[in-house]
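Below, chains carry the letters A, B, ... as their sequence lines are ordered, and counting in each starts from 1.
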Protein chains: 2
Amino acid sequence: MSTDEKTNAPMSLALSEAEAAAGRGEVPVGAAIVSADGEILAKAGNRIMELKDPTAHAEVLAIRAAAERLGSERLIDCDLYVTLEPCAMCAGAISFARIRRLYYGAEDPKGGAVDHGPRFFRQPTCHHAPDVYGGLSEDPASQLLKRFFAARRS
Amino acid sequence: MSTDEKTNAPMSLALSEAEAAAGRGEVPVGAAIVSADGEILAKAGNRIMELKDPTAHAEVLAIRAAAERLGSERLIDCDLYVTLEPCAMCAGAISFARIRRLYYGAEDPKGGAVDHGPRFFRQPTCHHAPDVYGGLSEDPASQLLKRFFAARRS
């Protein structure tokens with residue numbers, strides 16, 4: 001398998017989770033977590049409205065599920081794929097979970113906290129920062145969001 | 001009841017939750033959420049180690065419990081009391097939950113995200129900021145933390 005394929009399979013899963021979230025009326029964001037040996041440990045989409053839980057972002061749900069599966073609050077050597085640049089809450093969770101690499105799709109200038117706003121991973125108060133790769137599958141990820149918000153406005 | 005008593009009763013609960021967390025071997029941080037009419041909606045202490053969940057900070061657990069109780073992902077007109085300055089993850093959760101007022105005890109120069117590091121509520125990417133009151137019951141809150149970390153080192 002080429003490096004591209006390894007990178008894109010989990011992001012495809014994250015995109016499917018984002019699509020499923022849109023079908024539930026949630027902002028379409030999806031995430032997947034992969035272990036060092038390539039196993040999918042968890043995948044999730046936003047469930048904020050469904051669960052009536054303001055913390056039920058795709059990343060938080062995936063991190064909690066992967067931690068439960070591994071029986072550890074630290075996801076050592078695990079990578080997280082998410083369709084949208086994480087917010088401050090999720091960036092904090094990613095740091096506490098010790099995620100190794102973060103791959104994200106669309107940038108989020110309005111609410112992102114990785115390459116916008118607080119740029120959390122670059123703060124001296126951030127004690128673990130993953131390697132960050134933005135723009136992976138950016139087009140389908142941002143198209144999903146654009147269609148969702150356009151349909152909401154109409 | 002005086003304003004002081006109204007303010008201090010929930011913080012006393014938060015301090016009790018922090019003490020209970022220390023008894024479980026968790027970093028002693030506790031939180032309580034109060035509705036506009038003074039009802040305690042939720043209280044929680046850290047349960048990161050116990051639940052093997054990197055997101056199980058006192059504030060996140062209390063917010064999730066209060067949201068479940070109200071059947072809403074938004075805790076309109078609710079106030080959050082916490083013994084330690086919230087981190088970026090918790091500050092994000094507080095913002096999403098639309099907490100009205102945040103009262104915190106001890107400052108956290110190393111990991112806080114309210115008055116240190118990202119100062120999340122002052123970022124243009126933060127779409128709801130609570131009124132913030134730091135230093136409430138600062139002494140007992142910081143003493144709890146100091147005793148906990150001193151005992152760990154010895």
Show the numbers, then the answer: is there a side-chain contact (heavy atoms from CB on, under 4.5 Å) between A:Asp108 and A:Val114? CA-CA 9 Å; A:Asp108 185 3; A:Val114 176; over 6 Å; no
Can you check whether A:Pro10 reaches A:Asp79 side chain to side chain, under 4.5 Å on heavy atoms? no
Return yes when atom CZ of B:Arg100 has more than 12 non-hydrogen atoms of other residues, nucleotides or ligands closer than 6.0 Å, and no otherwise. yes
At their closest point, which heavy atom of B:Arg64 faces which heavy atom of A:Asp53, and how far apart are they? NE-OD2, 3.0 Å
Looking at B:His116, B:Glu68, B:His127, which has the largest count of heavy-atom pairs under 4.5 Å with chain A? B:His127
For side-chain contact (heavy atoms from CB on, under 4.5 Å), just list the numbers for A:Cys87 and B:Phe96, CA-CA rounded to whole Å, side-chain angles, deciding distance to a tenth of an Å, and then say yes or no. CA-CA 11 Å; A:Cys87 70; B:Phe96 288 129; 3.7 Å; yes
Please name the pair of heavy atoms, one in B:Cys126 and one in B:Phe120, separated by the smallest distance, quoted to 0.1 Å. CB-O, 3.3 Å
When the 4.5 angstrom heavy-atom criterion is applied to B:Thr55 and chain A, the contacting part is side chain
Would you mind checking which part of B:Glu73 comes under 4.5 Å of any heavy atom in chain A, side chain (CB onward), backbone (N, CA, C, O), both or neither? both
Looking at every non-hydrogen atom in both residues, tell me the closest pair between B:His128 and B:Ile94 and how far apart they are. CD2-O, 4.4 Å
Heavy-atom proximity to chain B below 4.5 Å, by part of A:Ala93: both
Pick whichever of B:Pro118, B:Pro124, B:Gly92 has the most heavy-atom pairs under 4.5 Å with chain A. B:Pro118
Select, from B:Ala56, B:Ala88, B:Ala67, the one with the greatest count of heavy-atom pairs under 4.5 Å involving chain A. B:Ala88
With under 30° as parallel and over 60° as perpendicular, where do the rings of A:Tyr133 and A:Tyr103 fit, or are they tilted in between? parallel
Of all of A:Leu75, A:Thr125, A:Leu70, which one pairs up most often with chain B through heavy atoms under 4.5 Å apart? A:Thr125
Using modelled atom types and a 3.5 Å cut-off, is there a donor and acceptor pairing between side-chain atoms of A:Ser95 and backbone atoms of A:Ala129? no
Passing option when A:Tyr104 is tested against A:Asp115, A:Leu80, A:Leu84, A:Thr83 for side chain to side chain contact (heavy atoms under 4.5 Å, CB included): A:Asp115
Which members of residues 24-52 of chain A, sorted by number, sit under 4.5 angstrom from chain B on a heavy-atom basis? A:Ile48, A:Met49, A:Lys52
Which atoms of B:Ala97 come close to chain A, meaning under 4.5 Å heavy atom to heavy atom: side chain ones, backbone ones, both, or neither? both
